[in-house]
Protein chains: 2
Amino acid sequence: MELIKITVYGLNFFARYIILSVTGYTGKVRHLATIRDVASEAGVSVATVSRVLNGKGYVNENTRKAVEAAIRKLAYKPNEVARSLYHHQSKLIGLVIPDITNPFFPEIARGVEDFFQEEGYHVMIGNSDESREKEVNYIEAFSQHNVMGIISTSSDDISQWAGLDIPVVLLDRIQDDFPSVCADQEAGGKLAAQILLERGSRNITLMRGPHHLRTAQERFLAALTELGRSSARFQVLNTAFSYHHALETAKQLFDCYPDTDGIIAANDMVAAAVLREALARGKKIPDGLQIIGFDDIPISQLVYPALSTIHQPAYEMGMEAAKLLLECMHQQTNLKKKIKLSIAFKDRETTRKEGG
Amino acid sequence: MELIKITVYGLNFFARYIILSVTGYTGKVRHLATIRDVASEAGVSVATVSRVLNGKGYVNENTRKAVEAAIRKLAYKPNEVARSLYHHQSKLIGLVIPDITNPFFPEIARGVEDFFQEEGYHVMIGNSDESREKEVNYIEAFSQHNVMGIISTSSDDISQWAGLDIPVVLLDRIQDDFPSVCADQEAGGKLAAQILLERGSRNITLMRGPHHLRTAQERFLAALTELGRSSARFQVLNTAFSYHHALETAKQLFDCYPDTDGIIAANDMVAAAVLREALARGKKIPDGLQIIGFDDIPISQLVYPALSTIHQPAYEMGMEAAKLLLECMHQQTNLKKKIKLSIAFKDRETTRKEGG
DNA sequence: TTGAAAGCGCTACCAT
DNA sequence: ATGGTAGCGCTTTCAA
């Protein structure tokens with residue numbers, strides 16, 4: 001067979017033929033080496049090549065050498081699609097998150113990707129925008145591509161997934177029947193309240209995130225409980241997580257409760273909005289007003305004063321979820337393991353110094 | 001054939017058999033309906049089913065109805081992997097970006113995804129970390145999965161890709177032989193300088209981003225030229241794009257040039273760092289010191305004072321790149337079209353008011 | 001130790 | 001207008 005050598009990124013490939021149009025390449029004519037090419041190059045059967053490829057079954061040492069040489073010579077890469085068709089498996093993982101544009105999720109996505117990258121998997125990401133329809137859509141697409149597992153941050157009731165035969169792990173969400181990883185929201189909420197109390201706030205505004213988000217409610221409830229135990233005065237204010245909505249809420253906050261001397265924000269985005277509004281109104285931070293956020297998104301370190309916040313280990317959460325999913329994939333059984341990662345207080349500039 | 005009905009997300013699926021272990025599902029036993037199941041359900045051949053599926057070839061109206069009914073009844077979804085194997089095509093797009101954790105890229109990724117989502121494609125994202133090795137790795141993986149096109153923000157010399165037969169469009173980067181979309185860096189750099197000059201800065205520090213990034217150099221050069229034309233005093237300072245490095249550079253900046261009254265930052269991350277340091281040193285902004293950023297990442301609106309900056313339409317860039325790629329895919333020829341999106345000045349709080 | 005061949009799910013050609 | 005069938009690239013019995 002006549003092979004044409006083409007060089008991609010310094011790696012050599014061999015094609016049976018290439019058609020180049022004057023204005024560029026054309027699409028459908030590629031023919032990278034197949035297993036048959038390797039077989040004939042090495043003078044063996046495809047079965048043998050397959051054996052050396054997968055390292056299973058007997059194959060003579062010399063034959064193996066020959067095949068490996070042929071593989072190298074042709075720069076042969078097995079076609080994942082064909083493999084996938086046969087096995088009903090692929091080297092693909094599906095990840096659905098609400099919105100990669102929300103600064104909490106890139107770190108998570110990176111954690112997932114970095115872990116699986118190491119294991120030879122690749123991940124397809126879908127943004128659900130918290131819409132069930134989009135999520136279903138992605139799950140179906142994933143399934144059609146034979147993904148080996150799915151990590152989801154669905155907030156929906158997904159108990160019905162039980163019929164789906166692909167391992168699923170939930171990230172930052174919990175459902176009884178599914179393995180999951182999340183951060184300890186309760187400890188976080190409690191800690192936030194404790195810090196503010198300890199450091200001298202006596203009139204605290206507790207901001208409550210969206211009702212449909214379990215995480216938001218957990219941290220809220222824990223903080224609420226803690227405040228309730230104290231002698232401090234406090235009030236509760238609802239807010240959405242978007243920056244713009246939060247900015248509105250912040251205005252409202254300072255209008256209604258001008259004497260607030262401590263704010264527990266629903267998350268960092270909200271905290272940033274509150275901080276901005278507070279600064280605009282000339283509040284002294286942290287002396288006149290303490291603010292504590294939640295999440296520790298990259299932005300928190302970047303504002304001035306830097307935001308004191310409850311750190312959720314987003315990257316690690318992604319990693320752990322990935323690790324757990326891999327376990328499920330190997331065991332071929334849903335482990336129902338629930339991993340709760342611990343949070344930590346990041347003592348930055350919007351809270352007073354210890355003992356203050 | 002005996003079918004078991006399973007419900008996923010309110011949608012019904014039919015499987016030939018399911019094995020459920022007590023602790024959960026097992027992995028490999030799925031059998032969603034195939035084209036053969038549909039055929040036998042409808043009492044026709046697979047060829048006929050294929051025809052109605054793809055809407056090509058003659059098929060009697062009644063037959064079509066019957067097939068469609070069967071499809072619905074079995075909740076049949078064509079197996080993308082099998083299709084892909086036959087066609088050497090898939091409904092997949094590859095996107096490689098440096099790092100999704102860098103706030104400039106989520107918007108871009110979202111633009112790409114939203115566009116292709118609409119067209120029935122799904123995108124695989126890879127983080128290259130600016131490493132050639134990782135990038136090659138992803139390109140190969142994409143290729144092995146028969147992606148139909150690739151969008152890349154590679155900064156490497158990729159002229160060698162010419163051998164690759166998959167359409168590629170470059171995003172935020174330019175190479176002679178490839179179609180690309182980017183924002184008008186020159187106009188941006190020039191505009192930034194003009195704004196600062198117009199608004200009264202007379203001693204400007206121009207920060208220069210990493211040398212290997214063409215975009216950074218273009219905007220730098222344009223700003224430099226503009227400053228050179230003016231009578232203002234100015235100096236140049238090199239910086240990396242990471243926040244921490246930028247913070248160091250910022251300290252250095254104020255140590256060496258305490259009289260600076262205007263800073264053109266290499267990007268918003270750097271601007272935020274500078275802003276932070278300036279605030280920490282008690283500078284009056286914008287009266288004593290103007291700062292202008294570049295990119296308009298979400299953070300910019302969120303710091304206080306909000307960052308005046310040159311807006312790059314990241315989301316739109318993603319969209320346009322996707323659109324262009326689709327064009328290339330359809331025409332099966334590399335269009336060599338270069339799209340340059342225009343930038344705009346976001347007049348926020350780190351620059352003085354017009355005429356100031 | 002190796003090879004021939006069936007088949008994964010689908011499409012497209014060629015008959016009918 | 002419809003069906004039979006080869007074949008996409010690969011893996012895996014089953015024979016040899």
Side-chain angles (χ1 to χ4, degrees), chain A residues 1 13-16 27-67 70-71 74-91 143-146, chain B residues 1 14-16 28-68 70-71 74-91 143-146 148:
Chain A
M1 187 180 71
F13 288 80
F14 290 79
R16 290 220 198 99
K28 297 167 78 167
V29 294
R30 167 179 56 170
H31 194 331
L32 294 181
T34 74
I35 199 174
R36 260 213 301 283
D37 301 330
V38 175
S40 69
E41 173 72 32
V44 297
S45 77
V46 295
T48 304
V49 177
S50 179
R51 274 183 217 109
V52 348
L53 239 36
N54 299 291
K56 51 176 77 160
Y58 298 102
V59 36
N60 182 308
E61 200 44 39
N62 292 329
T63 320
R64 149 167 289 115
K65 291 256 198 295
V67 170
I71 288 176
L74 304 187
Y76 167 77
K77 298 272 172 190
N79 179 325
E80 282 303 322
V81 174
R83 281 191 157 159
S84 174
L85 178 59
Y86 183 90
H87 279 128
H88 297 286
Q89 298 189 6
S90 71
K91 282 302 210 172
S143 164
Q144 285 177 42
H145 282 287
N146 286 346
Chain B
M1 186 179 72
F14 290 80
R16 291 220 197 100
K28 298 167 78 164
V29 294
R30 166 180 56 168
H31 195 330
L32 294 179
T34 74
I35 199 173
R36 260 213 298 284
D37 302 329
V38 176
S40 69
E41 173 71 31
V44 297
S45 76
V46 294
T48 304
V49 176
S50 178
R51 273 183 218 109
V52 348
L53 240 36
N54 300 290
K56 53 176 75 161
Y58 298 103
V59 36
N60 182 307
E61 200 44 38
N62 292 329
T63 320
R64 148 167 290 114
K65 292 252 197 296
V67 171
E68 278 165 353
I71 289 177
L74 304 187
Y76 166 77
K77 297 273 172 192
N79 179 326
E80 283 301 325
V81 175
R83 282 190 155 161
S84 174
L85 178 59
Y86 183 89
H87 279 129
H88 295 288
Q89 299 189 4
S90 70
K91 283 302 212 173
S143 163
Q144 283 178 42
H145 282 287
N146 286 346
M148 287 297 286

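These figures come from a predicted structure and were not determined experimentally.
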Would you mind reading off the distance between Gln89(B) atom CD and dT11(C) atom C1', rounded to a whole angstrom? 12 Å
Rounded to whole angstrom units, what separation is found between the CG atom of Asp37(A) and the C1' atom of dG9(D)? 10 Å
Provide the closest heavy-atom pair for Asp37(A) versus Ala33(A) in the form atom of the first, atom of the second, distance. OD2-CA, 3.2 Å
What is the distance from NE2 of His87(B) to C1' of dC8(D), rounded to the nearest Å? 10 Å
Any side-chain N or O of Arg36(B) below 4.0 angstrom from OP1/OP2 of dC8(C)? yes
Testing dA5(C), dC10(D), dG9(C) for proximity to the side chain of Pro78(A), the answer is dC10(D)
Under 4.0 Å between a side-chain N or O of Tyr86(A) and OP1 or OP2 of dC8(D)? no
Any Asn54(A) side-chain nitrogen or oxygen under 4.0 Å from OP1 or OP2 of dT11(D): yes
Quick note, Val46(A) side chain, CB onward, closest among dG3(C), dT1(C), dT11(D) is dT11(D)
May I have the distance from His88(B) (atom NE2) to dG9(D) (atom C1'), rounded to whole angstrom? 8 Å
On the nucleotide dG9(C), are OP1 or OP2 found under 4.0 Å from the side-chain N or O atoms that Thr34(B) carries? no
Rounded to whole angstrom units, what separation is found between the OH atom of Tyr76(B) and the C1' atom of dG9(C)? 7 Å
Look at Thr63(B) and dT2(D) and indicate whether a side-chain polar atom (N or O) is within less than 4.0 Å of OP1 or OP2. yes
Salt bridge Lys65(B)-Glu68(B), side-chain N to carboxylate O under 4.0 Å: no
Atom CG of Asn79(B) and atom P of dC8(D): how far apart are they, to the nearest Å? 18 Å
When all nucleic acid strands are considered with a 4.0 Å heavy-atom cut-off, which category describes Val44(A): base, sugar-phosphate, or nothing? sugar-phosphate
Return the CG to CD distance between Leu32(B) and Gln144(A), rounded to the nearest 0.5 Å. 9.5 Å
Nucleotide of dC10(C), dC10(D), dC8(C) approaching Leu85(A) most closely (side-chain heavy atoms): dC8(C)
Separation of atom CD in Glu80(A) from atom C1' in dT11(D), rounded to whole Å: 13 Å
Among the nucleotides dC10(D), dC10(C), dG9(D), whichever has the atom closest to the side chain of Ile35(A) is dC10(D)
If you assign each of Arg83(A) and Ala47(B) to its closest nucleotide in DNA chain D, which residue comes earlier from the 5' end? Ala47(B)
Could you tell me the separation between the CZ atom of Arg51(B) and the C1' atom of dT5(D), rounded to a whole number of Å? 12 Å
Of the options dG9(D), dT1(C), dT12(D), whose atoms approach the side-chain atoms of Ser50(A) most closely? dT12(D)
Atom pair CZ/CD1 of Arg64(B) and Ile71(B) - distance to nearest 0.5 Å: 9.5 Å
Measuring to OP1 and OP2 of dG3(C), would you say a side-chain N or O of Tyr58(A) lies under 4.0 angstrom away? no
Would you find a donor on one side and an acceptor on the other, under 3.5 Å apart, between the side chain of Asn54(A) and the backbone of Lys56(A)? no
Spatial distance of atom NE2 (His145(A)) from atom OG (Ser90(B)) [nearest 0.5 Å]: 6.0 Å
